Structure formats: C-alpha cells, structure tokens
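Reviewing the structure listed below.
Note that the structure is a prediction, hence the values are computed from the model and not measured.
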Amino acid sequence: MKSPLLSLPGAVPAEGVDEGVAAHYGDLFREQRALADGSGFVDLSHRGVLTVSGEDRLSWLHLLLTQHVSELPPHQATEALVLSAHGHIEHALYLVDDGETVWAHVEPGTQDALIAYLESMKFFYRVDVADRTGDIAVVHLPAGSIAEPPEGVVVRETPYGRDLFLPRADLESYAGKNGPPAGLLAYEALRVEHHRPRLGFETDHRTIPHELGWIGTAVHLQKGCYRGQETVARVQNLGKPPRRLVFLHLDGSEVHLPPHGTELRLADEGPEGRKIGFVTTSVRHHELGPVALALIKRNVPVDAPLMADSTAAAQEVIVEP
C-alpha cells in the first residue's frame with residue numbers, strides 16, 4: 001500500500017519489498033541521528049497487520065508459535081516465529097496483547113500466507129483472525145522518544161522503541177503533529193547496528209533460528225508443541241547450527257555497498273575462493289560508516305578477513321561459532 005507520506009517534501013520512495021514508504025526524506029544521516037537521539041518517527045505503514053481475538057487466542061497461538069505466549073501479560077511486547085516441519089523459519093511476528101486482542105505486524109506481503117496458515121489451524125478453538133493491513137498503519141517511535149501516542153492506539157513497547165498500531169486514516173495528521181519523519185534507510189541502519197535479524201533479509205529457505213540469535217528473543221526453549229520444535233531442540237542440545245550471523249565493518253573507500261546476496265569469500269583465497277556466506281543487509285551508518293549483517297559458515301575463523309565481492313570486510317561476532 002502506498003503511504004500518503006510519500007507526498008512530503010524530499011520523500012524518496014523505497015524499493016523492493018519496502019516499496020510504498022519513504023527510503024529517506026533527503027538527509028539520510030540527519031534522519032539517523034534524530035532516531036538515535038529519540039526524535040521523530042518512522043513510517044512502517046507498508047507492513048502487514050493482523051489481529052487474533054477470542055478467548056482462546058493466547059492458548060491457541062502458544063501451540064503454533066515458537067514463543068511462550070499462553071500467559072502473555074497485557075501490553076507486554078514479544079516476538080515469535082512460525083517454523084516449517086523441518087525447523088526452517090517461515091514467518092516472524094511482532095506481537096502485543098491489549099487484554100482482548102493480540103496485535104501483530106509482519107513483513108510486507110507475508111500476511112496473506114500467514115493468515116491462511118492460521119485459519120487452517122483453527123479447528124474448534126474460539127479465535128478470530130483478521131487482516132487489518134487495510135485500516136491500520138504501523139508507526140515506529142525510537143527509543144527515548146517522549147512523544148505521546150494518540151489516545152486509544154495500541155502500543156508495542158520494546159528496548160528499541162515503540163510500535164504504534166495507528167488507524168491508517170490518521171497517518172497524515174499524525175505526521176503533521178509529530179514530524180519530522182525519518183525514512184526506512186535510517187531505521188534499517190539502526191537495526192543493523194543492533195544486530196537485529198529481519199525475515200527475508202537475514203533468512204533464506206533453510207535458515208533456522210539458532211543461526212540468527214533468535215533463540216531467547218523469539219524462541220522459548222522451555223516449551224514444545226509447535227511445528228519445527230524437534231529441530232530446535234536437537235540443534236540446541238546436540239549440535240551447532242551450520243551457519244552464524246555476523247556483523248561486518250566494510251571498507252569505507254568503496255563507493256557502492258554490496259547488495260543483499262553478495263557472496264562472501266576469505267580474503268586470502270582471492271576472488272576465485274570458495275563461497276563461505278553472503279551479505280544479508282548493508283547500510284551506511286552515521287557513526288560506524290558502511291556496515292552489514294551477513295550469514296556465514298559456522299567454522300569460518302572469527303578473525304578471518306573477508307571479501308564481499310571487491311569490498312574488504314572485517315567480522316564482529318554476533319552468534320558464537
């Protein structure tokens with residue numbers, strides 16, 4: 001869905017999966033610094049929104065998700081995954097329960113498949129699943145923001161800021177009172193700085209939660225009864241994941257950032273060396289310079305210099321080998 005905030009001065013549309021909102025409003029680093037200082041907001045109205053209501057909503061979701069939500073207190077934010085039968089990540093949900101309804105936002109364009117799966121699992125449970133993407137927009141307030149959410153708006157509060165489930169019809173008036181906005185590139189730069197994985201960027205068709213550090217934050221190890229749980233338990237108790245997420249400091253002299261999917265190789269093996277991973281997200285950070293997240297083979301030495309195509313990269317450990 002195309003955001004009305006793309007009509008604001010300086011707005012440059014994002015591309016790809018993030019099409020529909022602004023990548024930036026003319027000054028990427030100023031927007032980053034504002035978010036880091038707790039100012040402004042980010043338009044995330046392209047994200048999918050769904051609700052689950054009914055008296056069985058928490059106990060039912062507890063059976064389907066990787067997170068322990070059967071006793072989730074009202075207004076406490078959490079995140080959870082839906083896994084395949086083999087333990088591969090299929091969906092990521094960012095949740096909060098308001099005491100009557102569970103609200104979740106998900107990656108753009110993934111809500112239809114997720115809702116179809118949830119609908120197929122309703123059976124006799126007293127739950128109602130609804131797609132709210134058409135009438136609810138997600139707005140992000142950065143950590144430290146003193147902006148007051150509008151009355152009656154559901155808020156999901158995390159260490160990284162607050163997500164507002166704002167009526168889509170109120171988006172323009174909210175922006176007029178709470179600007180200036182920051183674009184998605186600023187939001188993504190801070191996400192990368194905080195080592196936070198994103199579905200479809202840090203994941204591929206075979207990613208398991210252990211590889212991204214999602215154990216603990218999105219996966220509860222003291223619960224079972226969900227699809228893919230056997231793989232989670234087996235890797236946790238008996239082995240190691242085949243890959244690990246790393247933070248990369250990129251050569252700042254390069255003009256272009258290596259895009260998503262750029263193959264990584266050991267620097268001492270040269271451009272014809274074996275592929276040991278790929279860049280998942282690369283950004284220009286207002287303090288750190290060009291940095292990235294990447295998924296690499298677990299046994300790559302933690303101090304090994306890497307090459308992302310022609311760009312030199314130094315590792316910083318996120319997930320331990």
Side-chain angles (χ1 to χ4, degrees), residues 1 3-5 8 14 18 20-22 24-25 30-52 58 61 65 67 69 72-81 92-108 111 132-133 135-199 214 216-218 286:
M1 300 186 72
S3 172
L5 303 193
L8 293 177
D18 291 320
V21 296
H24 61 85
Y25 295 89
R30 180 194 61 76
E31 294 166 30
Q32 280 189 40
R33 287 190 290 269
L35 291 182
D37 291 340
S39 302
F41 70 92
V42 183
D43 176 12
L44 299 179
S45 61
H46 64 316
R47 291 184 65 81
V49 177
L50 62 107
T51 57
V52 181
L58 291 176
L61 286 171
L65 305 181
Q67 188 58 272
V69 296
L72 183 67
H75 313 298
Q76 179 176 305
T78 191
E79 55 190 73
L81 308 174
L93 299 84
Y94 300 85
L95 309 166
V96 67
D97 184 86
D98 67 4
E100 296 181 352
T101 301
V102 173
W103 295 75
H105 64 82
V106 298
E107 287 299 322
Q111 66 271 17
R132 302 297 302 276
T133 309
D135 64 306
I136 298 294
V138 179
V139 171
H140 175 77
L141 301 179
S145 171
I146 60 172
E148 288 293 329
E151 186 175 353
V153 167
V154 175
V155 178
R156 181 177 176 274
E157 185 157 3
T158 77
Y160 307 104
R162 288 173 288 170
D163 298 331
L164 312 184
F165 291 88
L166 185 74
R168 191 172 288 275
D170 296 343
L171 186 56
E172 283 187 275
S173 62
Y174 181 87
K177 298 173 184 175
N178 296 276
L184 197 69
L185 289 180
Y187 178 84
E188 285 287 280
L190 299 189
R191 178 181 71 81
V192 170
E193 177 191 5
H194 294 136
H195 305 165
R196 297 169 57 209
R198 182 179 174 189
L199 183 78
W214 251 331
T217 61
H286 70 287

Q: Evaluate the criterion side-chain contact (heavy atoms from CB on, under 4.5 Å) for residue pair Asp98 and Trp103; output intermediate values, then yes/no.
A: CA-CA 8 Å; Asp98 67 4; Trp103 295 75; 3.2 Å; yes

Which pair of heavy atoms, one from [X] and one from [Y], lies closest together, and at what distance?
| X | Y | value |
| --- | --- | --- |
| Ser173 | Asp170 | OG-O, 3.0 Å |
| Leu95 | Ala104 | CD2-CB, 3.4 Å |
| Pro108 | Gln111 | C-OE1, 4.2 Å |
| Leu199 | Trp214 | N-CH2, 4.2 Å |

Anything under 3.5 Å between a donor and an acceptor, one on a side chain of residues 33-44, the other on a protein residue two or more places apart or in another chain? List them.
residue	atom	partner	partner atom	Å
Asp43	OD1	Ser45	N	2.9
Asp43	OD1	Ser45	OG	2.7
Asp43	OD2	Ser3	OG	2.5

Q: Could you please spell out the steps behind the side-chain contact (heavy atoms from CB on, under 4.5 Å) verdict for Val102 and Thr51?
A: CA-CA 5 Å; Val102 173; Thr51 57; over 6 Å; no

Q) Does a donor on one side chain and an acceptor on the other come within less than 3.5 Å for His46 and Asp18? A)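 Distance-only check passes for His46 and Asp18.
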
Q | From Tyr94 atom OH to Arg47 atom CZ, the distance as rounded to the nearest 0.5 Å | A |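 If we round to the nearest 0.5 Å, Tyr94:OH and Arg47:CZ are 6.0 Å apart.
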
Q) Could you state the interatomic distance from NE2 (His75) to CG (Asp97), rounded to the nearest 0.5 Å? A)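 Here the interatomic distance stands at 8.0 Å.
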
For [Y], is there any backbone N or O sitting under 3.5 Å from a side-chain donor or acceptor partner on [X]?
| X | Y | value |
| --- | --- | --- |
| Arg196 | Arg191 | no |
| Arg168 | Thr133 | yes |
| Gln67 | Thr217 | yes |
| Glu31 | His24 | no |

(Q) Measuring only between side-chain heavy atoms, which start at C-beta, is Leu50 closer than 4.5 Å to Arg132? (A)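 Side-chain contact under 4.5 Å: no.
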
Q. Tell me, do Pro180 and Tyr25 make a side-chain contact under 4.5 Å, heavy atoms counted?
A.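 Sidechains of Tyr25 and Pro180: no contact.
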
Could you go through residues 158-167 and list every donor-acceptor pair under 3.5 Å that involves a side-chain atom there, pairing it with any protein atom two or more places apart or in another chain?
residue	atom	partner	partner atom	Å
Thr158	OG1	Tyr160	N	3.1
Thr158	OG1	Gly161	N	3.4
Thr158	OG1	Gly161	O	3.0
Arg162	NH1	Ala147	O	3.4
Arg162	NH2	Ser145	O	3.0
Arg162	NH2	Ala147	O	2.9
Asp163	OD1	His140	ND1	3.0
Asp163	OD2	His105	NE2	2.9
Asp163	OD2	Arg156	NH1	3.1

Q: Tell me, with the steps shown, if Leu81 and Leu93 meet side-chain contact (heavy atoms from CB on, under 4.5 Å).
A: CA-CA 6 Å; Leu81 308 174; Leu93 299 84; over 6 Å; no

Q. Who passes side-chain contact (heavy atoms from CB on, under 4.5 Å) against Glu172, sequence neighbours left out?
A.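 If we apply the side-chain contact (heavy atoms from CB on, under 4.5 Å) test to Glu172, skipping adjacent residues, the hits are Pro4, Leu5.
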
Q: Step by step, work out the side-chain contact (heavy atoms from CB on, under 4.5 Å) result for Arg198 and Glu188.
A: CA-CA 10 Å; Arg198 182 179 174 189; Glu188 285 287 280; 3.5 Å; yes

